[in-house]
Amino acid sequence: MEYNFREIEKKWHQRWVENKTYQVTEDESKKKYYVLNMFPYPSGAGLHVGHPLGYIASDIYARYKRLQGYNVLNPMGYDSYGLPAEQYAIQTGQHPAITTVNNINRYREQLDKIGFSFDWNREVRTCEPEYYHWTQWAFQKMFHSYYCNQKKQARPIDELTKAFSTSGTEGLDIACSEELSFTADEWKAMSEKQQQETLMNYRIAYLGETMVNWCPQLGTVLANDEVVDGVSERGGYPVIQKKMRQWCLRVSAYAQRLLDGLENIDWTDSLKETQRNWIGRSEGTEVQFHIKKDATRDQSDSKDISFTIFTTRADTMFGVTFMVLAPESELVSQVVTPKQKAEVEAYLEATKKRTERERIADRRVTGVFTGAYAINPMTGEEVPVWVSDYVLAGYGTGAIMAVPAHDSRDYAFAKHFGLEIRPLIEGCDVSEESFDAKEGIMKNSPRLTNEDGTPILDENGNPKKPYCNLNLNGLTVKEAIATTKQFVKEHSLGRVKINFRLRDAIFSRQRYWGEPFPVYYKEGMPYMIDEDCLPLELPEVTKFLPTETGEPPLGHATKWAWDTVNKKVTENSKIDNQTIFPIELNTMPGFAGSSAYYLRYMDPHNREELVSEKADHYWQNVDLYVGGTEHATGHLIYSRFWNKFLFDLGVSVKEEPFQKLVNQGMIQGRSNFVYRYYSWKTINGTKEVIPTNLFVSKSIADGISKGKYNAEQLGALCRESQANLSEELFANQGVNEIHVDVNIVTNDVLDIEAFKNWRPEYNQAEFLLEDGKYICGWAVEKMSKSMYNVVNPDMIVEKYGADTLRMYEMFLGPVEQSKPWDTNGIDGVHRFIKKLWGLFYSRTGEFLPKEEEATKEELKAIHKLIKKVGEDIENFSYNTSVSAFMICVNELTQLKCNKKTVLENLIILLAPFAPHISEELWEALGHNTSVCDAKWPVFNEAYLKEDTVKYTVSFNGKARFTLDFPADVDNATIESTVMNHEASQKYIDGRTPKKVIIVPKKIVNIVL
RNA sequence: GCUCGGAUGGUGGAAUCGGUAGACACGAGGGACUUAAAAUCCCUUGGCUAUUGCAGCUGUGCGGGUUCAAGUCCCGCUCCGAGUACCA
């Protein structure tokens, strides 16, 4: 019987869908296992073009777990190539919808191509809200919550308003503002609008006036992780800083918990590290500096101006020689002296114009003196206050104390403007660069002597006395930091503070495709529409672009107002601001919907709740999440934040959403080149290229580039290949490297006929071959259309089948490693599948498996495999599993094994890797249930027991030969046997061994 | 700059605890079957020397070290990849 893989695969695929073979069971007494694939497809290559590495890897694990007896939820399961996860999931009822609107839209073209029937204008809106209902719901909950530092969780905002109304605001430790700037009486005196405005400072979802990354070309704001090198991640358009009123999520409130949570989850260290860096916790000290009073300043001299700086190097307080404010800091206008005012304002104007990208591109040292002086609380010294854009407004307090001796940025600034550099560490040299390392012994603190050791004198000519009783001299940097911290705290000069780099997430987008905010505006303040009115569905619009007045696309909608009486959306024309109000025009970003989608899969048809308590308690969290590292600072942070919030609410039982995370590597492109021969001549001193129709094979091209051929030799090559090229073109040789479609190249051999048809201009091409073939050059590049290296796995599936593709992608190497897509080895895997088939069917179509007792060798072969595959799957080392299968099938073929018991075990083991052929052969073995309901075989050590053990005999560490010993041999026997062995004599050479080392079951080493 | 990975044949990659480096494949070379091709099967395949036979040397990016024994551990480099960046 011929193995017609494609027919078999289609048949099984159909059956799985019809019988809902891989659906979860209702039996909740079973252990659960939840596998999920990260929502977007790898590396943006698109639905059908990208390689389903992650799907295959997670699907193998899910099937393995199922065979182990688990109830497995695998909503994005990849059951065969040719059926994308979404379609499968919808058909089997496991998927509530397709992640988010944004994602649907992104894959629209590809989904259309494979016949995914969708009325894009209507169904997207009528189908999606079932899902985004719960995104809107969570958003409203965030709006109605604040973060309580003391309780380390989100709490209802009502608690806060109650506290404000009484005097009991003390003890409220709120993430966003630890000091309340108003009293209970003031609160009560506020208007409703003022109260609402105040509450915005505390809500977890809040409207914030923040600097945003605005992308004019895209007409929308972008999150920090969507901006790469100062340009938008999608499209690469410039991004500028702009102050806008936007919805924000107070992710920063969860910074510490996001950091702590990393301890207990099973992610790769590098990914955890990336998140740690992104969260950027830094422990330091906040110190208050006062501005020296100056009569010439605008503000009355009586007013005391002070500001706080943040530093991790409190030990360097004695080395402060100037202060720097961020240009955006409000302090600048307060401290500037009239004399410096014009200059400072000019500088502020200039920096505003520079985009972030320009600031990154050229790191010029710029800045301007404000005319003000700050008083160092440790030394009493007056140091100048500058403004410079190297200080960021968004981090710390937007002001720094500059210690040029021990900070490279301050150093560059000081050198540029000729400011003092005062080293504080014994023996450090700061003549060329600053000494940034946190090591060494402190000196100069306080600084009482000059460089030559003579005492510094005060105004009266007496030796200067220390300004405060803090002396760090002789301490290490670490000790000095701790001592200074303590000192600052005790003397109320500041406080110990922990800063995070992590910023709040900007949650508005000026797009159409996204969840609409269930928010209407009354007197400019946002109000949530009632929870029972959710979901608020996207309105019909005529255009998806921003309006002429620069409003978001929803500004085109004519029916986008909220009727608070009838509780429904109504025409804009009816807005009276009494009972009918305008609705928010922004929509939510892509990460909104993906942040909690895993919870929804646990209970996809629930109309009452995001997830039922029962389902949540059963499924808990995702056991295995497979996806790319590119989401480390985006989705994987937002999702953890979102889940922690839901955890605080009691909706999610687990604080961390993804217990184990496996990163699949990216599939890179492998480009092929052809080499087009050209000649050239010099006309009027310029080199002129004469192109030809001649394409030369790789090694000839290399030869030409290296000048290996003279005109005669090349001519001979041409005659040999019967290529017509006129004589004069043989001199002045050169080749152009041209990308060629990888789909017309096999094992780097060009399909010449296909090449001629590929492009009309190559119709008349001639070739210089090597060994009768045209060998192409190759390089690893990213997959892109322009490099003609995009490979569509569909072609592989049609030619070799989905099972071969699955196994081949796994065989390429470790899952987490990026690798070029290279079909050169696929024949090997396909051969393996055919060999496997050969164990079941003879060439004449006879069914071979028989009910016979397996031999010792056969049992050994299969149990070796059981052990290996089990271990490998647990370690996600799928490539070595595939090779183990090959070894086993080779052995069984050699043994001519057709024992049913052996083959049954083999098929079960193979089922996760090659599900189609496994189902087919499982059925052939006489089973009428799916192989996915079989039991994973139990490994029995006894079958691997050997009577004899092979020892490697080595002399002075060099392995020479091997010897077999009985398994229970004692060391003395080994030693005497080896010493007396004929082969040993040559190496011993009459000497007496100094030492004999015997490692049981492994090696014997004789030291001479 | 900082952080984290990595470097093994012509290629992808094995070597899980320090114990015969190169499993398993691809490619290449040779052979069998065939009128021929495809398919299939068998042999060889890190390099160098030797080859009638045995064999010897060398070899995991570079330089040191620890050890009876190092791809694996330690120290110092080089190169490549990823992340991040005026974060005070």
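To find a chain, count down the sequence lines: A is the first, B the second, and so on, and within it residues start at 1. Being a predicted model, the structure only gives us computed values, none of them experimental.
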Quick one: which of [options] gets closest to the side chain of [X]?
{"X": "A:Leu392", "options": "B:C86, B:U3, B:A69", "value": "B:C86"}
{"X": "A:Thr274", "options": "B:C24, B:C57, B:G83", "value": "B:G83"}
{"X": "A:Trp278", "options": "B:U3, B:A88, B:U84", "value": "B:U84"}
{"X": "A:Lys958", "options": "B:U3, B:U58, B:A88", "value": "B:U58"}
{"X": "A:Val391", "options": "B:U16, B:G19, B:A88", "value": "B:A88"}
{"X": "A:Glu871", "options": "B:U16, B:C24, B:C86", "value": "B:U16"}
{"X": "A:Pro814", "options": "B:G27, B:G13, B:C68", "value": "B:G13"}
{"X": "A:Asn824", "options": "B:C24, B:A14, B:C26", "value": "B:C26"}
{"X": "A:Arg503", "options": "B:C87, B:A88, B:A85", "value": "B:C87"}
{"X": "A:Thr633", "options": "B:U84, B:A88, B:C24", "value": "B:U84"}

For [N] and [M], measure between their [atom1] atoms and round to the nearest Å.
{"N": "B:A15", "M": "B:U72", "atom1": "P", "answer": "15 Å"}
{"N": "B:C43", "M": "B:A25", "atom1": "P", "answer": "12 Å"}
{"N": "B:G64", "M": "B:U11", "atom1": "C1'", "answer": "33 Å"}
{"N": "B:C57", "M": "B:C2", "atom1": "C1'", "answer": "45 Å"}
{"N": "B:U49", "M": "B:C33", "atom1": "P", "answer": "34 Å"}
{"N": "B:C80", "M": "B:C41", "atom1": "P", "answer": "43 Å"}
{"N": "B:G61", "M": "B:U67", "atom1": "C1'", "answer": "23 Å"}
{"N": "B:A82", "M": "B:G65", "atom1": "C1'", "answer": "31 Å"}

Side-chain H-bond candidate by donor/acceptor type, A:Tyr395 with A:Ser282, under 3.5 Å: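 Per modelled atom types, A:Tyr395 and A:Ser282 side chains form a pair under 3.5 Å.
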A:Asp315-A:Thr484 side chain donor-acceptor pair, cut-off 3.5 Å: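 Per modelled atom types, A:Asp315 and A:Thr484 side chains form no pair under 3.5 Å.
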Runs of at least three Watson-Crick or G-U pairs with RNA chain B, cut-off 3.5 Å: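 Listed by first number, the stems are B:1-7 with B:78-84, B:10-12 with B:24-26, B:27-32 with B:40-45, B:46-49 with B:55-58, B:61-65 with B:73-77.
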Under 3.5 Å: donor-acceptor pair, side chain of [X], backbone of [Y]:
{"X": "A:Arg281", "Y": "A:Ile498", "result": "no"}
{"X": "A:Gln275", "Y": "A:Ala632", "result": "yes"}
{"X": "A:Asn879", "Y": "A:Met810", "result": "no"}
{"X": "A:Asp504", "Y": "A:Ser252", "result": "yes"}
{"X": "A:Tyr878", "Y": "A:Val815", "result": "no"}

Syn/anti state of B:G65 by chi, 90° boundary around 0: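 B:G65: anti.
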Anti or syn - B:C17, cut at 90° from 0: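 Glycosidic conformation of B:C17: syn.
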Set of side-chain hydrogen bond (donor to acceptor under 3.5 Å, both in side chains) partners for A:Ser388, sequence neighbours left out: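 Expected list: none.
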What's [X] touching, base or sugar-phosphate or nothing? Going by heavy atoms closer than 4.0 Å.
{"X": "A:Thr962", "value": "base"}
{"X": "A:Leu812", "value": "sugar-phosphate"}
{"X": "A:Phe961", "value": "nothing"}
{"X": "A:Arg831", "value": "sugar-phosphate"}
{"X": "A:Ile887", "value": "sugar-phosphate"}

Tell me the interatomic distance from [X], atom [atom1], to [N], atom [atom2], rounded to whole angstroms.
{"X": "A:Lys950", "N": "B:U20", "atom1": "NZ", "atom2": "P", "answer": "13 Å"}
{"X": "A:Asn277", "N": "B:G1", "atom1": "CG", "atom2": "C1'", "answer": "14 Å"}
{"X": "A:Asp389", "N": "B:A88", "atom1": "CG", "atom2": "C1'", "answer": "15 Å"}
{"X": "A:Lys272", "N": "B:U84", "atom1": "NZ", "atom2": "P", "answer": "19 Å"}
{"X": "A:Arg276", "N": "B:G83", "atom1": "CZ", "atom2": "P", "answer": "19 Å"}
{"X": "A:Phe811", "N": "B:A23", "atom1": "CZ", "atom2": "P", "answer": "11 Å"}
{"X": "A:Asp872", "N": "B:A14", "atom1": "CG", "atom2": "P", "answer": "11 Å"}
{"X": "A:Leu892", "N": "B:C24", "atom1": "CG", "atom2": "C1'", "answer": "16 Å"}

Determine: side-chain N/O of [X] to OP1/OP2 of [N], distance under 4.0 Å, yes or no.
{"X": "A:Tyr395", "N": "B:A88", "answer": "yes"}
{"X": "A:Arg960", "N": "B:A69", "answer": "no"}
{"X": "A:Tyr987", "N": "B:G56", "answer": "yes"}
{"X": "A:Ser270", "N": "B:A82", "answer": "no"}
{"X": "A:Arg501", "N": "B:A85", "answer": "yes"}
{"X": "A:Asn879", "N": "B:C24", "answer": "no"}
{"X": "A:Asn890", "N": "B:A25", "answer": "yes"}

Quiz item: cation-pi between A:Arg640 and A:Trp267, 6.0 Å / 45°: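 Yes - A:Arg640 lies over the ring of A:Trp267, closer than 6.0 Å to its centre and within 45° of its axis.
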5'-most by nearest nucleotide on RNA chain B - A:Gln817 or A:Gln894: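 First, find each residue's nearest nucleotide; the 5'-ward one identifies A:Gln817.
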Toward the 5' end of RNA chain B, by each residue's nearest nucleotide, A:Met886 or A:Asn1005: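 Mapping each residue to its closest nucleotide by heavy atoms, the 5'-most match is A:Met886.
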Those residues that, when tested against A:Asp269, pass side chain to side chain contact (heavy atoms under 4.5 Å, CB included) (two or more places apart):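 With neighbours one apart ignored, the set is empty.
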Ring centers of A:Phe322, A:Phe413 separated by less than 6.0 Å: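 Ring centres of A:Phe413 and A:Phe322 closer than 6.0 Å.
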